[in-house]
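Every chain is numbered from 1, with letters handed out A, B, ... down the list of sequences.
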2 protein chains.
Amino acid sequence: MISIGELARRAQCTVPTVRYYESIGLLPKAQRREGGHRAYDRADLARLNLIRRCRDCDIPIERIRELVSLSEGQRLCGETVAFFEEQRRVIQARIDALKELDLTLSLHLQSCRSNCLPNGDPCEIFDQLQA
Amino acid sequence: MISIGELARRAQCTVPTVRYYESIGLLPKAQRREGGHRAYDRADLARLNLIRRCRDCDIPIERIRELVSLSEGQRLCGETVAFFEEQRRVIQARIDALKELDLTLSLHLQSCRSNCLPNGDPCEIFDQLQA
DNA sequence: GTGCTTCCTAAAGTAGCTTTAGGTTCAAGC
DNA sequence: GCTTGAACCTAAAGCTACTTTAGGAAGCAC
């Protein structure tokens with residue numbers, strides 16, 4: 001059995017985050033030592049690892065709840081693969097949106113480079129943004 | 001002078017969002033009609049447009065505060081361009097992170113495709129995620 | 001004057017944590 | 001046995017950028 005600090009260290013997250021997951025029921029209620037400190041075993045670490053890996057992939061908590069029950073059920077490939085493929089689509093959509101934003105910003109910058117004059121001339125980026 | 005609904009429609013945001021911006025001081029306190037309804041002019045629309053364009057580019061509100069004061073000051077190209085270039089760096093970093101996540105997910109999916117057996121075999125994705 | 005839409009305020013809810021405040025437990029060193 | 005410092009505890013508030021809810025009031029068409 002390991003402490004909450006050790007658990008957090010191994011799963012690469014903070015102690016308050018572990019307590020938070022317990023409070024929302026994403027982790028089961030931890031066992032306690034005599035003094036009241038939480039104590040964890042290998043299974044707890046495995047589950048927290050699963051959660052953190054998913055959060056690193058920006059999978060929302062409610063989705064992870066579904067995944068955790070998948071992982072504790074029959075672990076069917078079909079459902080699991082569908083889950084991750086859906087998540088990839090979400091990420092891809094986000095990448096596309098960000099690329100568009102980047103393009104927009106680069107166009108604004110171009111308008112300054114091509115239209116603004118060197119010395120203290122009011123920058124034209126704003127004229128585009130306020131229209 | 002136009003109503004808050006009309007303003008929101010033109011700037012492509014919701015009415016509560018406009019009131020929210022006023023409440024945090026990003027928009028100045030609106031003028032009022034006799035009955036108490038807010039009334040806006042062209043300058044208000046320009047400012048809201050500036051704010052929304054930036055939010056569409058995911059620039060945080062506190063950064064937009066700086067930008068608004070830039071836009072109301074001398075509008076120096078140097079400062080303005082630096083502002084937007086910094087923002088592009090932030091967006092680029094986010095794109096890079098998402099691409100890495102996508103790669104991670106695709107590797108997990110590969111492990112299923114290459115290791116899992118067809119019929120009801122427990123999916124191996126979880127073994128990776130829980131390690 | 002009777003609806004219907006738009007508007008008003010204030011407060012609470014959202015995600016996913018982090019931070020704060022005020023206290024208890026544990027382990028090491030003397 | 002005692003002290004000290006780190007790690008732990010709880011509950012509540014704070015964070016971003018809004019959205020939602022509740023309970024009314026104003027404005028406009030018919």
In whole Å, I'd like the distance from the CD1 atom of A:Ile51 to the C1' atom of C:dC17. 14 Å
Between C:dC17 and A:Arg55, is there an OP1 or OP2 to side-chain N/O distance shorter than 4.0 Å? yes
Listing, residues 82-93 of chain B side-chain donor-acceptor contacts under 3.5 Å, not counting sequence neighbours, or none:
residue, atom, partner, partner atom, Å
B:Glu85, OE2, A:Arg113, NH2, 2.6
B:Glu86, OE1, B:Arg89, NE, 3.3
B:Glu86, OE1, B:Arg89, NH2, 3.0
B:Arg88, NE, A:Asp102, OD1, 3.0
B:Arg88, NH2, A:Asp102, OD2, 3.3

Taking CD in A:Glu6 as the centre, count heavy atoms belonging to other residues, nucleotides or ligands within less than 6.0 Å. Is the count above 12? yes
If we only count heavy atoms from C-beta on, is the B:Leu129 to A:Asn49 side-chain gap below 4.5 Å? no
Is A:Arg52 touching bases, backbone alone, or none of the nucleic acid, heavy atoms closer than 4.0 Å? sugar-phosphate
What is the distance from CD of A:Glu6 to P of D:dA6, rounded to the nearest Å? 18 Å
In whole angstroms, the gap separating P of C:dC7 from CD1 of B:Ile2 amounts to 10 Å
For the residue pair A:Tyr40 and A:Arg47, confirm or rule out a side-chain donor-acceptor distance under 3.5 Å. no
Using a 4.0 Å heavy-atom cut-off, does B:Ile24 contact any base of the nucleic acid, only the sugar-phosphate backbone, or nothing at all? nothing
Is there a salt bridge (charged side-chain N to carboxylate O under 4.0 Å, His left out) between A:Arg19 and A:Glu22? Walk through the geometry before answering. CA-CA 5 Å; A:Arg19 286 195 279 251; A:Glu22 181 182 321; over 6 Å; no
When you check the phosphate oxygens OP1 and OP2 of D:dT19, does a side-chain N or O of B:Thr17 lie under 4.0 Å from one of them? yes
Does B:Tyr21 place a side-chain N or O at less than 4.0 Å from the phosphate oxygens OP1/OP2 of D:dC18? yes
Nearest-nucleotide pick for B:Tyr20, side chain only, options being D:dC18, C:dT19, D:dC9: D:dC18
What is the distance from CD1 of B:Ile61 to P of D:dT19, rounded to the nearest Å? 11 Å
Output yes when at least one side-chain N/O atom of B:Thr14 is less than 4.0 Å from OP1 or OP2 of D:dC18, else no. no
Between C1' of D:dA25 and CD1 of B:Ile4, the distance in whole Å: 15 Å
Which residues pass the side-chain contact (heavy atoms from CB on, under 4.5 Å) test with B:Cys77, sequence neighbours left out? A:Cys112, A:Cys116, A:Cys123
Could you check how far CD of B:Glu22 sits from C1' of C:dC7, rounded to whole Å? 13 Å
Counting only side-chain nitrogens and oxygens, does B:Ser3 get under 4.0 Å of the OP1 or OP2 atom of C:dC7? yes
Do A:Val68 and A:Glu72 make a side-chain contact, defined as non-hydrogen atoms from C-beta onward lying under 4.5 Å apart? yes
Considering heavy-atom distances to DNA chain D, does B:Ile59 or A:Val15 have its closest nucleotide positioned more toward the 5' end? A:Val15
Which whole-number value in Å describes the distance from B:Glu62 CD to D:dC15 C1'? 11 Å
In residues 28-41 of chain A, which ones come under 4.0 Å of DNA chain C, going by heavy atoms? A:Gly35, A:His37
To the nearest angstrom, how far is B:Arg19 atom CZ from C:dA12 atom P? 18 Å
